[in-house]
Every structure is written in C-alpha cells, then in structure tokens.
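To keep things clear, I will list the structure first and then write my remarks on it.
Throughout, protein chains are lettered first and strands after them, A, B, ... in sequence-line order, and every chain is numbered starting at 1. Bear in mind that the values here come from a model prediction, so they are computed numbers and not experimental data.
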Amino acid sequence: MIRAAVAFGATLLVLFIAIPLATLYAHLSPGRFAALITSPDAFSALRISLVTTACSLTLTLLLGTPLAYVLARGRFAGRDVVDAIVDLPIVVPPAVAGLALLFAFGKYGLAAPMLGPLHVQLAFTTAAVVLAQLFVGAPFYVRAARAGFASVERVYEEASATLGMGPLRTFARVTVRLAMPALAGGAVLAWARSLGEFGATIMFAGNLPGVTQTLPLAVYLGLENGDVDLAAALAVVLVTVALAIVVLARLLERRSA
Amino acid sequence: MIELRVSKTLREFTLDVDLAFDRGVTLLVGPSGAGKSTLLRIVAGLDRPDAGRVMLDGRVLHDSHVDVPAFRRDVAYVFQEYALFPHLDVLDNVGYGLAARGASRSAQSTAARAWLERLGIGALAKARPRELSGGERQRVALARALAWKPRALLLDEPFAALDETLRLRVRDELRATLASLDVPVVLVTHDESDAIAFGGPIVRLERGRVAESSRL
C-alpha cells in the first residue's frame with residue numbers, strides 16, 4: 001500500500017517535470033523548427049547568447065579560480081564573510097540582482113563618477129549582459145572549485161615543490177590537474193546558469209534585439225509579440241542544451257568520484 | 001653536508017637541535033612525535049624554524065635574512081605515503097624533477113627509464129601509481145627523488161606504508177641503493193631495527209632534543 005503510494009507520487013512528479021518540457025518538442029514540426037531557428041531574429045539571439053556567455057565564463061574562470069583557491073587554502077580573517085558574499089547571488093532573486101547592478105553601475109549609480117569621465121556606459125549594453133551573467137553564474141563555479149581545491153591533498157603540492165617546481169607551475173601541473181573534474185563541473189554549471197539568465201539581464205541590460213537580447217529574453221519577447229512558434233523553437237534549443245549539461249555534469253561527477 | 005642549528009616551538013615541546021649530516025646515510029631515530037619529521041621538513045623548506053640556520057654544502061638555505069623556498073633547495077624528499085602524482089604515469093612521475101629544471105621530454109624519459117631499470121621496475125614505466133604495489137611505489141618514489149641528482153636526500157619513514165614481509169626486502173634494496181649515493185642522506189624511522197640494519201651513524205631524537213649521536 002505504502003509502496004504503491006510512493007510510486008504514484010514519484011511518478012506524478014517526474015511526469016510533471018518531463019511532460020511540459022516534452023510538449024515544447026512536440027509543438028513544432030522539424031521543418032518549421034529548422035526554418036525558425038535559422039531566421040535572423042533567432043540567429044541574433046543565439047549569437048548574443050554565445051558571445052556573452054563565452055565572455056562571462058572567461059571572466060568567471062580568470063577571477064574565480066584564484067578566489068576559489070584562496071578560499072580553499074588561505075587562512076585569513078573574514079574568510080567566512082567572503083565565502084558567504086560569494087554564495088549570495090545563488091539565493092538572491094535575479095531581478096534584485098539586476099536592480100543592484102543598476103544601482104552600482106547604472107548611469108546615476110555608485111560607479112558613475114568613475115565611469116562617466118571615461119565615457120563608459122554599462123547599463124543596457126552587451127557588456128551589461130556579461131556582468132549580469134558573471135554575477136549570477138560565478139558563484140556556482142567558485143563553490144565547486146573551492147571544494148575541488150580543498151580535496152587536493154597538500155602533500156602533492158609539497159612533493160612538487162621539493163622536486164623543484166615553482167608555485168605557479170605546481171598550481172598548473174598538480175593542483176589544477178587534480179581538481180579538474182570539480183573545476184570542469186563548476187564551469188559547466190556556471191555557464192548553464194549564465195545561458196539561462198533572465199531577470200538580472202532584463203533589469204540591467206534591457207531587451208534590445210541584436211544588443212542585449214539573449215535566448216531567454218527572445219523566448220519572452222516572442223510570446224509577448226504573439227510569435228509563439230519562435231519562442232518554442234528557441235525554448236527547444238535551451239532545453240536541449242540543458243539536457244546535454246545535465247548529462248555532462250553527471251559524467252564529470254562520476255569521474256571525480 | 002647539511003648543517004642545521006634551529007629551534008621551533010611545537011605543540012608539546014620545543015624542537016631545539018644543532019646537527020650536521022655528512023655525506024652518506026644517517027639514521028634519524030626516536031619515538032613517534034619526537035620532532036623527526038619536522039626536522040626533515042625544515043631542511044626541505046616545507047616548514048620554517050622559529051630561529052636558527054640551515055646550510056647545505058656551505059650555502060645558506062635559511063637564516064634570519066634568507067629563506068630559500070623549497071623548490072630552489074635541490075633537496076629531495078621521499079614522503080611517508082610517497083605522494084606519487086596520481087594523474088601522471090610512472091615515467092612522468094620520475095621525470096618530474098627534470099621537467100622542473102627545463103629538461104627536454106626525451107632527456108626526462110631517458111633519465112627516468114635508466115632509474116627505473118636500475119631499481120628493477122623498467123616494465124612499469126606506463127603504469128599509474130594506483131596500479132602499483134606498496135614496494136613498487138616506494139621504488140618509484142625513490143627514482144623520482146634521485147633522477148634529477150639532488151644535493152641531499154631526505155626519507156620520512158620509507159617503510160611505514162609497507163607490510164612486514166615486504167619491509168625487510170625493501171630495506172635491503174634501499175640500503176644498497178643509498179650506499180651508492182654521494183650526497184647526504186637522512187632517513188627517518190621510529191623502528192630501532194632499521195637503525196641496526198643500516199649500520200651507519202645514528203642520531204636519536206627525544207622530545208625535540210638530540211638524545212644520542214653516534215658517528216662512525
């Protein structure tokens with residue numbers, strides 16, 4: 001009796017998740033999908049998404065890797081505070097993140113006295129899309145990388161040093177290599193989060209086709225403009241990418257275990 | 001020659017020694033927790049003394065003004081659990097010290113292979129550390145420590161990770177290999193029978209101080 005109830009509940013939830021996503025695929029014929037996805041509007045959103053997520057991922061790796069290492073290995077006052085700050089964007093609502101970025105980097109924001117004289121305008125530009133993605137995505141990478149670095153036994157770094165390898169080369173040849181499954185897994189998650197970013201982007205970067213309109217924004221605008229088919233075609237792209245990422249993340253997890 | 005006169009406050013006592021290790025093998029013995037490993041780590045540059053001086057062949061490795069980092073000391077270290085790099089095969093593990101010194105791939109490989117042959121494990125060149133037995137790991141660790149011609153060799157409990165039957169055989173092999181070296185070798189062990197088997201000079205450490213020092 002209990003087993004049947006558990007099985008029923010479990011089946012219900014799995015179907016609740018799977019069926020709506022599957023209907024996205026059923027909405028369009030393959031020919032119609034191909035035509036929509038190669039349309040200029042779709043192509044533009046695809047291009048913006050790929051370019052901006054490539055930039056935000058690069059920034060995440062460059063800035064997040066040293067931070068994660070320091071959090072894993074460093075002993076300094078306020079480490080827990082830094083740790084908590086880095087985790088915040090995971091739980092802060094994206095729209096709030098967008099408003100915060102606007103207050104900080106907008107035309108009349110905190111950084112305006114510095115950016116103004118340089119004639120740098122960030123809000124409602126492609127750069128703003130990248131910053132919004134960095135804000136929401138980077139914590140996923142830093143968390144995973146921090147755990148990865150912490151799991152590398154220090155004796156390997158010491159062995160490398162006694163063999164004559166300097167700190168930077170030891171980091172690249174030993175630490176990063178041993179933490180690689182965690183780093184790759186974190187990078188994949190951060191990228192996925194950035195690709196799906198909507199709330200912070202629309203607040204801080206707007207929804208300008210060809211400039212700031214990423215795939216999720218194009219899905220929203222498609223529905224808004226009554227072009228449900230275009231929205232569905234772009235949604236299929238996003239769900240397919242998500243599916244690939246879930247599979248990839250699992251493979252990486254298995255490798256690191 | 002390794003010369004050190006150092007002190008370092010540890011949890012339960014202060015390590016305070018004035019020692020010189022000449023060419024050849026010196027056994028550093030004493031009960032667990034006597035400060036033996038810390039002393040070795042200070043020579044290698046993995047730990048810093050609170051005060052004092054460490055010299056190798058007349059060169060200052062550490063004093064109040066100088067602290068040569070571990071990677072510039074040319075002091076090889078065989079760790080208790082060997083610390084072979086799990087992501088590299090045996091050949092790349094053994095060639096690592098040469099890679100650090102800018103040797104070409106082929107020079108690394110040639111030197112590494114020569115050491116593996118010498119220690120009787122040439123067939124394991126392409127194996128990963130996790131595929132090796134305890135005795136094989138110990139030999140790979142030794143080859144990795146010696147392939148780049150260090151100026152001193154430190155071994156921290158090199159038999160601790162081995163079972164009893166293997167231990168005696170490995171000990172004899174190691175003694176033969178170490179006897180052929182022309183640099184100071186310090187071997188840490190808590191086992192008195194190792195000291196007797198090696199037969200060389202012995203330094204006994206107890207609660208951070210030299211309790212006995214015998215010279216040949």
Side-chain angles (χ1 to χ4, degrees), chain A residues 61 64-66 68-70 72-77 79 141 144-188 248-257, chain B residues 37 40-47 56 61 68-89 92-103 108 111-112 129-130 137 140-157 161:
Chain A
L61 297 179
T65 306
Y69 187 74
V70 169
R73 285 288 152 87
R75 296 277 167 272
F76 57 92
R79 195 178 68 136
Y141 174 73
R146 181 187 60 197
F149 287 141
S151 73
V152 176
E153 284 180 57
R154 210 172 264 239
V155 72
Y156 295 119
E157 292 166 343
E158 291 181 341
S160 175
T162 61
L163 291 166
M165 209 63 92
L168 273 180
R169 290 207 293 163
T170 290
F171 182 68
R173 281 173 177 253
V174 176
T175 319
V176 167
R177 287 296 302 277
L178 292 177
M180 191 48 95
L183 301 186
V188 166
L248 187 63
R250 276 171 181 259
L251 288 177
L252 288 168
E253 228 168 73
R254 205 166 299 168
R255 265 195 63 185
S256 65
Chain B
S37 295
L40 231 49
R41 291 175 61 85
I42 286 172
V43 174
L46 299 174
D47 279 347
L56 174 60
L61 296 182
V68 178
F71 73 97
R72 294 221 178 91
R73 288 196 178 193
D74 292 331
V75 173
Y77 199 110
V78 175
F79 292 83
Q80 207 174 116
E81 307 284 339
Y82 311 131
L84 299 177
F85 301 122
H87 60 298
L88 301 179
D89 64 21
D92 284 344
N93 262 286
V94 177
Y96 195 88
L98 290 158
R101 285 160 183 77
Q108 284 172 44
R130 65 169 179 276
R137 277 178 206 185
V140 173
L142 188 65
R144 183 176 73 170
L146 294 174
W148 46 281
K149 298 194 173 66
R151 299 176 73 95
L153 172 63
L154 312 174
L155 303 101
D156 190 4
E157 301 276 5

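- Contacts between B:L84 and chain A at a heavy-atom distance below 4.5 Å involve the backbone alone (N, CA, C, O).
- Other residues, nucleotides and ligands contribute only 12 or fewer heavy atoms inside 6.0 Å of the CZ atom of A:R250.
- Note: A:L163 leads A:L163, A:L178, A:T170 in heavy-atom pairs under 4.5 Å with chain B.
- Contact between A:Y156 and B:P86 at its shortest, heavy atoms only, is CE2-CD, 3.6 Å.
- B:R144 touches chain A through backbone and side chain together, each having a heavy atom under 4.5 Å away.
- The contact between B:A99 and chain A is made by backbone and side chain atoms together, counting heavy-atom distances below 4.5 Å.
- The shortest distance between side-chain heavy atoms of A:T162 and B:F79 falls below 4.5 Å.
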Criterion side chain to side chain contact (heavy atoms under 4.5 Å, CB included) on B:Y96 and A:R173, from CA distance to verdict: CA-CA 10 Å; B:Y96 195 88; A:R173 281 173 177 253; 3.9 Å; yes
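- Ranked by heavy-atom pairs under 4.5 Å with chain A, the list B:Y82, B:Y77, B:F85 is led by B:F85.
- Looking at B:R72, its side chain never comes within 3.5 Å of a backbone N or O of A:G166 through a donor-acceptor pair.
- For A:R177, the CZ atom is loosely surrounded, since the number of other residues' heavy atoms within 6.0 Å does not exceed 12.
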Pair B:R41-A:E158, side chain to side chain contact (heavy atoms under 4.5 Å, CB included): steps then yes or no: CA-CA 10 Å; B:R41 291 175 61 85; A:E158 291 181 341; 2.7 Å; yes
